[in-house]
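One structure is given here, and the rest of the page talks about it.
The sequence lines fix the lettering, A, B, ..., with proteins before strands; numbering per chain opens at 1.
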Amino acid sequence: MTLTIETRSPEATRAIARHLAQVLRPGDVLALTGALGAGKTCFVQGLAEGLGVTGRVASPTFILMRAHRGPLPLYHADAYRLESGTDLLDIGLEEWLATGVVALEWADLAPEVLPRDHLALRIEVNGEGRQLHFSGHGPRSRTLVEHLRACAS
Amino acid sequence: MAMSSMLRSELILGIESSCDDTAAAVVEAGRRVRSSVVASQEDIHALFGGVVPEVASRKHVEVITRVVQEALDRANCTWRDLGGIAVTNGPGLIGSLLVGVSAAKAYHVATGLPLVGVNHIAAHLMSNFCDLPEQEGAPEDFPAVCLVASGGHSDLCLLTDFGQYEVIGMTRDDAAGEALDKAARLLGLGYPGGPALEKAAREGHDRFSLPRPALGDSYDFSFSGLKTALVRLIEELRGESPAGAVLPVADLAHSFQQAVVDTLVRNTMRAAEAYGARQVLLAGGVAANSVLRAELSAAGKRLGLPVRYPPLRLCTDNAAMVAAAGYHRLSGGQNDNTGLDVFSALDH
């Protein structure tokens with residue numbers, strides 16, 4: 001199940017993320033892909049706003065994961081610098097899944113650790129705008145795509 | 001210098017395992033570095049049969065006791081000579097931090113030495129005050145403004161005394177070191193990207209105009225837009241030229257690095273003036289960038305402000321800075337116990 005949403009500004013991208021945040025629950029995984037500068041961190045900033053978590057969302061590339069506390073914690077991780085996706089297991093992926101939402105940037109570099117049911121978001125640059133390609137892998141993620149479709153229409 | 005009569009010795013063992021590297025060090029009186037061992041250092045790496053702790057916390061487990069023993073040996077001291085143990089307890093990766101903190105607690109229980117947790121950023125600030133054989137640390141002139149720039153951080157800190165600081169600016173998206181690293185990747189330069197970009201930039205000129213984002217009156221940084229601007233510029237250049245034409249990599253590297261350096265220097269100097277700083281300090285891996293060092297020094301000269309930076313081996317993650325920061329906490333009467341917790345991120 002797929003859905004493409006076009007946004008014209010970083011703020012519009014964050015607004016889509018805020019909508020998604022409304023229906024997330026512990027164990028949900030958002031797998032983000034897209035070129036450098038596509039806006040992956042920007043989307044996660046919107047997610048954090050929607051979840052009402054603490055702390056400022058900045059790129060986790062070098063620190064690998066930044067945790068944000070809140071009613072539903074957000075674990076913002078990044079596979080860009082990893083040699084193997086299994087390194088995410090060493091630094092606590094399973095614990096994050098048990099308690100909060102995981103947003104993983106550069107998820108294509110860590111396919112082996114993604115849960116079977118995850119929401120994939122591929123961000124494509126289109127001049128000033130962006131195309132957000134969502135695809136739901138598994139029943140839970142498909143309901144998330146449906147929710148986004150209802151918001152977008 | 002803070003009072004130290006409460007400590008039985010001024011030698012403090014520091015332990016650091018907040019991210020990629022495992023490190024231990026012995027520092028005297030928060031200043032004189034007696035030993036500083038980092039597991040990924042070439043000589044140390046060989047000692048441990050090629051086990052390099054990278055991201056995985058289990059690798060920290062494999063080397064931590066050996067790194068600590070090596071730090072004691074190189075300092076020519078034993079547990080009995082020490083006055084306390086300092087350990088980084090955040091921010092960083094929980095699993096990695098736990099390895100250092102658990103080891104420190106075990107040593108604390110086994111030896112009865114006082115234990116204190118140290119903030120990783122506070123420790124970076126202290127690297128400026130460490131004396132090494134090749135370089136003396138900064139004088140105790142406060143207030144000081146310190147730029148901590150690395151792959152994971154771009155923080156501007158105001159120091160009013162040892163261990164007394166506030167973060168007055170930070171990155172809103174990418175850290176400075178991350179921006180440099182990603183630009184190197186976009187330009188097809190090697191890893192680690194920062195040094196590769198610096199090298200390529202030496203052959204180039206500031207030919208392309210790239211943004212130097214300013215965020216109003218704030219001392220915050222934003223490098224994400226600059227990164228996106230470079231992506232676009234590369235696409236344009238590729239579009240203009242016939243297929244297979246080579247990119248002007250050196251000029252692009254130079255222009256990008258210059259934009260990052262200008263932004264760092266501008267905010268740092270604005271803060272130094274606004275807060276009446278008596279010196280400007282630099283810390284973190286990006287402090288190794290020679291263009292940043294030169295331009296910050298030149299800007300300092302124009303304002304009549306001394307600009308100081310630690311030796312290269314204290315810029316990147318190390319435990320000497322942790323021992324130094326721990327000394328000031330311990331001698332100020334601060335202590336932790338086996339309840340010491342780790343934390344992942346600062347809640348700003």
Side-chain angles (χ1 to χ4, degrees), chain A residues 9-10 13-14 34-45 48 53-70 73-96 99-100 105-106 110 123 125-128 130, chain B residues 18-20 53-61 90-98 120 150-155 170-179 181-183 185-186 191-193 220-232 234-235 284-285 317 343-348:
Chain A
S9 67
T13 298
R14 284 192 286 268
L36 279 171
K40 299 180 290 298
T41 301
C42 174
F43 191 89
V44 179
Q45 285 171 343
V53 294
T54 59
R56 190 177 280 178
V57 172
S59 167
T61 294
F62 271 79
I63 66 165
L64 306 173
M65 191 279 287
R66 193 178 269 117
H68 298 275
R69 286 196 290 268
L74 171 65
Y75 299 97
H76 183 196
D78 194 322
Y80 179 88
R81 218 160 58 84
L82 299 180
E83 274 176 24
S84 150
T86 55
D87 283 343
L88 286 169
L89 297 172
D90 280 325
I91 62 171
L93 177 63
E94 281 156 336
E95 287 158 50
W96 313 339
T99 53
E105 298 198 24
W106 298 94
I123 305 180
V125 180
N126 183 10
E128 289 293 317
R130 297 291 186 268
Chain B
S18 63
C19 196
D20 295 6
E54 283 165 5
V55 299
S57 34
R58 70 185 144 75
K59 292 179 187 158
H60 288 291
V61 177
L93 290 167
I94 296 297
S96 303
L97 289 164
L98 275 172
H120 184 74
S150 67
H153 307 277
S154 298
D155 293 335
M170 63 193 305
T171 184
R172 293 195 183 173
D173 37 58
D174 296 358
E178 172 179 357
D181 186 79
K182 288 188 168 166
R185 172 127 156 188
L186 285 166
Y191 186 88
D220 282 352
F221 298 101
S222 167
F223 292 109
S224 178
L226 175 60
K227 178 180 70 186
T228 309
L230 179 67
V231 170
R232 279 214 199 110
I234 290 173
E235 277 168 6
D317 287 355
F343 64 96
S344 151
L346 289 166
D347 284 331
H348 283 290

**OP:** For the pair B:I94 and A:E95, evaluate side-chain contact (heavy atoms from CB on, under 4.5 Å) and give the outcome as yes or no after the intermediate values.
**Re:** CA-CA 11 Å; B:I94 296 297; A:E95 287 158 50; 5.5 Å; no
**OP:** Search all heavy atoms of A:R56 against all heavy atoms of B:T171 and return the closest pair with its distance.
**Re:** CD-O, 3.8 Å
**OP:** Please report the closest heavy-atom contact between A:F62 and B:C19, naming both atoms and the distance.
**Re:** O-SG, 3.6 Å
**OP:** Kindly compute the distance separating CG (B:L93) from CG (A:L64), expressed to the nearest 0.5 Å.
**Re:** 5.0 Å
Subject >> Rounded distance [0.5 Å steps], CG in A:L36 versus NZ in B:K182 >> reply: 6.0 Å
Subject >> Residues in side-chain contact (heavy atoms from CB on, under 4.5 Å) contact with A:T41, at least two apart in sequence or another chain >> reply: A:Q45, A:V57, A:S59, A:H76, A:E105
Original post:
Hey, are the side chains of B:H120 and A:I63 touching, using non-hydrogen atoms and a 4.5 Å cut-off?
Top reply: no
Subject >> Contact check, side chains of A:V125 and B:E235, non-hydrogen atoms, under 4.5 Å >> reply: no
**OP:** List in chain and number order the residues that pass ring pair (Phe, Tyr, Trp, His ring centres under 6.0 Å) with A:Y80, two or more places apart in sequence or in another chain; answer none if no residue qualifies.
**Re:** A:W106
Subject >> Which atoms of B:K227 approach chain A - backbone, side chain, both or neither, heavy atom under 4.5 Å >> reply: side chain
